[in-house]
Amino acid sequence: MKKVSQMRAFGSLLSWLYKKPATVDGLFGFIAPASRGFPKRNSDLCTGCGACNERCSSGATSIADKDAIRTMSIDTLRCIFCARCADICPEGALDFTFKSEIPDNVPDNMYFFGITDSKEIPEISKGIVRHICLSHTIDEQSQSIETTLPLQKCPVCGEILPVSEKFLEVVSQRTLEHLQPDAAEIVREDMKKYLRTCISCRREMSKEWNTYPRKFI
Amino acid sequence: MDPFWLNPIIAFFCGIFLSFFFRKVNARIQGRRGPLIIVPQSLHDINHSKVLQPLYDILKLFSKKTIIPTAARSLFILSPVFAFLCAFTACFFVPVAGIAYVYPFSLVILFYLLMGELLFEIVGGIASGSLFSVIGGVREVELLLANELPFILGTFALAISYNTLSIQEMMGFHILTNPFAAIALFLAILVKLHMKPFDISEAESEIVSGLTTEYNGKLLGLLDATKIIMLFVLVALFAGLFLWVPATGLAAWFIFLAGIGATVLMLAIVHSLFSRFRIDQATRWLLKVPLALSIIAVILAVVQRYVL
Amino acid sequence: MSKQSDLFKVQDVSRENLIPEVTDLMNSGARLMYASGVDRGVFGFQLDYHFCFDDEAKSRYLLLRALVKRNEPTIPSLTPITTQADWAEREIIEFLGVKVEDHPDPRHLWLPLNWDDTHAKPDLEQNPESKRINTDSPKKPPSDHIFIQPLSVVPYGPYHPALIESNFLKMSVEDETVIDADLKLGFNHRSIIKLMERRDYYKDIYLSERICGFCNVHHTLTFVMAVENILGIEIPQKANYIRTLLGELERMKSHLLAIGLLGELTGFKTMLMHSLRLREEILDSLEVISGQRISHGAMTLGGVKIDITPVHADFIRSRLKSLKASVSEFFEQYLANDILIDRLKNVGHLSPADARTYGAVGPLVRGSGHPFDVRKQFPYAAYEDVSWEVITENGADSLARLKVRMREFMVSLDICEQCCDILRSVPSSSPIVSTMSELPCGEGVAKTEPPRGELLYHVASNGTNTPEFVRLRVPTFPNAPILLRLIKGGNIADVPVVIGSIDPCFSCTDRATVVQANKEIIIQKSSKTNESGERIKRGGK
């Protein structure tokens with residue numbers, strides 16, 4: 001009896017001689033829809049606040065200030081696609097997606113991507129293929145997703161502040177939104193004076209501008 | 001006169017195809033594709049076909065620099081050459097589609113050449129000064145001692161039934177008349193070629209690659225070429241002795257190729273279906289089953305020749 | 001549901017009382033899981049001895065804490081009482097410079113054995129520009145007892161086909177019989193614990209994920225659980241089921257590869273290939289859930305990041321169904337091979353008593369007949385809500401361990417199916433992350449059962465956004481010294497089999513910390529090393 005079951009086991013192994021091999025055709029199997037895709041930054045929304053840089057656990061994001069320009073970049077080769085920067089971004093500027101590159105005619109099921117030969121790759125989705133085999137394209141330079149933002153200059157002394165113009169704009173907007181109209185009027189006047197000024201100028205000009213602490217109750 | 005001097009060239013190229021076939025069968029049982037016969041269009045910058053992959057492997061090794069360990073002795077370099085010469089010479093005596101050097105004691109010569117090839121491999125490995133090679137060498141010697149008896153007795157069973165020591169005279173479809181000898185010889189070939197249950201002397205996970213641990217470059221290429229010729233020689237010997245139907249011309253070639261193909265298929269199946277013996281288990285098993293089979297084969301041959 | 005934090009107890013112990021306390025504990029059936037040291041600045045060195053009690057139904061957890069002075073860092077060694085303390089104490093010696101008195105074998109565990117020789121160079125400190133790594137040949141040979149003269153030494157590693165990860169196993173052999181063996185770690189050392197101390201908790205989750213590729217779900221889960229124990233928050237039930245499902249999928253994935261690798265180590269490559277083919281189904285399931293095949297990034301503080309929808313659950317369910325049939329066929333093929341069974345039977349025999357004495361964990365101890373499983377003794381995630389049994393085998397050899405893995409695979413499959421059924425019925429709007437308050441000061445300990453055994457995390461918070469310290473003990477840490485005991489006296493051909501049956505993960509073990517090169521201590525240590533080297537040399541003859 002034991003011999004019979006042994007022979008059956010050997011037979012089932014041998015049956016692989018005429019079965020189809022288990023290895024996947026072509027280079028890839030399938031891409032699951034849960035695959036997060038690549039980070040994409042909407043440059044119109046990004047304020048350069050640096051929250052993504054604070055949250056990134058792999059050190060893929062970086063902020064570089066040079067010549068009054070702030071460059072926010074993500075190194076896609078270092079990115080581990082955890083999407084925590086997208087979660088934390090206060091402006092919702094970051095997104096992880098393939099969506100803009102996927103053609104409309106691809107069916108919306110689990111296996112939208114079963115390549116058997118390079119001929120069968122849809123022309124539009126070749127971009128996706130190149131992105132996915134990052135490890136294969138060593139010659140290619142690391143792709144970085146960059147956004148450049150002008151930095152704020154102090155209107156008094158001309159010193160470059162470590163914040164972008166857009167960030168201050170958004171900050172003042174948000175602050176004013178939550179204030180009473182009469183208080184907002186005073187704050188707007190104050191902000192015009194000192195929000196974009198550097199610290200030393202603010203101290204020097206405080207008497208002239210009369211920006212002592214106010215109480216809005 | 002028969003063109004027996006073509007045998008080594010046929011052996012080398014046939015051996016490459018057999019090696020490819022062996023890899024392919026092995027891969028298919030493992031659920032893989034194996035070396036592709038037709039490579040898809042997208043990978044054509046690599047190659048169009050992988051049938052000659054064993055040849056490319058050897059050519060790659062021959063294009064590489066050979067590093068010789070400081071602890072190695074001169075036999076380290078000489079042994080692969082001698083082993084290759086042994087295998088090369090053995091090709092003359094093994095019938096390729098019925099063609100071989102006609103000599104009345106060719107079986108005895110073949111025994112010595114096959115054993116000599118293994119011995120030179122052992123000597124070269126031990127001369128490398130590597131510990132893994134030494135362990136591999138000791139294992140190889142143990143296997144050789146346990147294996148030589150069934151190998152010789154299995155072939156001598158046929159020699160007894162034909163009363164000759166010339167391989168050409170004892171060829172035939174003997175797998176039916178003396179199946180025990182066929183099984184004994186098949187198992188002996190497994191050991192001689194280091195196929196799976198008996199690849200103890202080059203067990204990768206235990207002693208890296210045994211005797212050939214320190215070999216590299218051109219010397220390893222030479223050893224690989226020897227291995228391919230040995231595969232052909234032993235398979236052709238088995239096909240000639242047990243799977244041969246007397247014929248001439250194209251029919252002979254067809255029968256011969258079918259015979260070696262079937263033998264390699266069986267070897268590949270056994271290779272992929274079993275795990276490795278430990279050395280003590282292997283020697284015990286070799287001295288039990290194949291020896292018993294070969295003794296039965298000899299008794300059967302004696303009975304067939306003298307009693308019936 | 002009783003939480004792990006309720007069973008956790010810290011007890012201070014003085015330096016003098018340590019030996020009697022530990023002797024009492026060991027007599028009452030305790031197991032020393034780990035001994036860790038923390039540098040507490042002016043307070044001195046804090047030494048934590050983690051004990052658990054396997055015999056009790058709901059296993060208790062005791063932490064003995066001794067504080068030694070900074071100017072006099074000595075502590076009596078526990079290794080004479082129990083060998084379970086051996087490697088942990090060597091680690092303390094190495095990382096903190098605490099002098100462990102009467103340790104029988106205080107050699108380097110992580111650093112090179114000739115480290116003292118190369119790094120006690122006087123000009124190194126005076127001239128910071130000098131070479132950081134000394135490439136000169138050592139002045140004296142490495143203090144290494146393994147080179148016993150008439151015998152030859154077989155090196156396995158740092159790179160060897162039998163070892164998937166790099167470590168250095170040295171064996172002195174006599175006619176293919178292993179007389180003595182020694183293991184050298186530290187080839188994958190990446191200081192992950194130290195890195196965790198300077199990053200915030202959310203970044204630490206991703207860091208702990210990268211300690212091990214095989215058990216990344218369990219590493220993140222254990223770290224997250226330890227922090228949650230500090231917070232004292234409840235996890236949504238759906239998140240618990242998702243955690244259980246991910247953990248069990250990972251166990252199946254790892255066990256299948258371990259089974260295949262054992263085949264490859266005994267020369268049965270066909271089995272490895274087929275196990276990889278079957279493993280692909282599990283990897284596909286995980287990819288569908290998380291988008292990644294290996295590291296999923298699924299855990300977060302207070303729950304999970306990734307939701308499992310009914311569609312996902314159905315997909316996994318269908319994959320598991322096809323897997324169930326093909327895997328049982330695969331196991332049949334595996335066990336039908338008589339040559340393979342002969343290679344495994346009676347190889348690496350670890351008797352049930354020895355398994356307790358040496359403190360084995362995971363399939364190693366379950367293969368010796370003890371039903372020790374953290375999932376039952378210390379329930380976490382949703383293991384109390386699904387029905388399953390602990391697997392044990394009585395063979396105590398490599399074959400028994402293989403069978404434990406095979407049967408555990410089927411149990412995991414069952415648990416996964418139960419989880420999928422529950423997740424399919426849970427409304428999709430139910431929460432997967434609970435809200436958190438501020439992290440208080442405190443300590444948290446968590447244990448889980450990764451595929452290889454028991455994983456322990458000890459996290460302390462000081463109220464800031466980075467942990468005060470993180471200490472972790474991986475399952476291979478107690479199992480690797482047992483590996484050395486098992487291969488001693490056996491054939492050299494059995495060494496890969498024993499390694500494969502224990503399935504060690506040396507990259508896990510090589511996580512770890514900072515090196516403090518205190519010159520005085522180094523000199524003291526080197527003199528001791530010589531003595532012990534001599535002693536063992538005599539013993540060998």
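Proteins come first, then strands; the chains are lettered A, B, ... in the order of their sequence lines, and each starts at number 1. The structure displayed is predicted, hence computed values, not measured ones.
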Visitor: By a 4.5 Å heavy-atom criterion (distance strictly below it), what part of A:R55 contacts chain C: side chain, backbone, both, or neither?
Guide: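 Contact with chain C involves both backbone and side-chain atoms of A:R55.
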Visitor: Looking at C:K345, I'd like to know if its NZ atom is crowded, meaning that more than 12 non-hydrogen atoms belonging to other residues, nucleotides or ligands lie closer than 6.0 Å.
Guide: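 For C:K345, atom NZ is not crowded (no more than 12 foreign heavy atoms under 6.0 Å).
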Visitor: What part of C:Y202 gets within 4.5 angstrom of chain A, counting heavy atoms only: side chain, backbone, both, or neither?
Guide: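 Both backbone and side chain.
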Visitor: Is chain A contacted by the side chain of C:D204, its backbone, both, or neither, given a heavy-atom distance below 4.5 Å?
Guide: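 Neither part, no heavy atoms under 4.5 Å.
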Visitor: Taking all non-hydrogen atoms of both residues into account, name the closest pair between A:C82 and C:K305 and its distance.
Guide: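 Shortest heavy-atom separation between A:C82 and C:K305 comes out as O-NZ, 2.6 Å.
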Visitor: How long is the span from the CD1 atom in A:I80 to the CZ atom in C:R210, to the nearest 0.5 Å?
Guide: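 A:I80 atom CD1 to C:R210 atom CZ measures 4.0 Å (nearest 0.5 Å).
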Visitor: Counting only heavy atoms from other residues, nucleotides and ligands, does the tally under 6.0 Å from CD1 of A:I199 exceed 12?
Guide: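 Counting other residues, nucleotides and ligands, CD1 of A:I199 stays at 12 neighbours or fewer.
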Visitor: Against chain A, label C:T270 side chain, backbone, both or neither, depending on which of its atoms sit under 4.5 Å from a heavy atom there.
Guide: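 For C:T270, the contact with chain A is made by the side chain alone.
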Visitor: If only side-chain N and O atoms count, and only distance matters, is there a donor-acceptor pair under 3.5 Å linking A:S5 with C:E332?
Guide: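 Short answer, no.
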Visitor: CZ of A:R84 to CD1 of C:I205: how many Å apart, nearest 0.5 Å?
Guide: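 These two atoms lie 6.5 Å from each other.
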Visitor: Taking the side chain as everything from C-beta on, heavy atoms only, tell me whether A:W16 gets closer than 4.5 Å to C:M273.
Guide: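 In short, these two side chains do not touch, never coming nearer than 4.5 Å.
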Visitor: With a cut-off of 6.0 Å (strictly less than), are more than 12 heavy atoms of other residues, nucleotides or ligands near NZ of C:K269?
Guide: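 Incorrect, the count does not exceed 12.
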Visitor: Roughly how far, to the nearest 0.5 Å, is CZ of A:R8 from CD of C:E329?
Guide: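 Spacing of CD (C:E329) from CZ (A:R8) equals 9.5 Å.
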Visitor: What is the minimum heavy-atom distance between C:A336 and A:Q6, and which atoms define it?
Guide: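 Heavy atoms only, the tightest pair is O-NE2, 3.0 Å.
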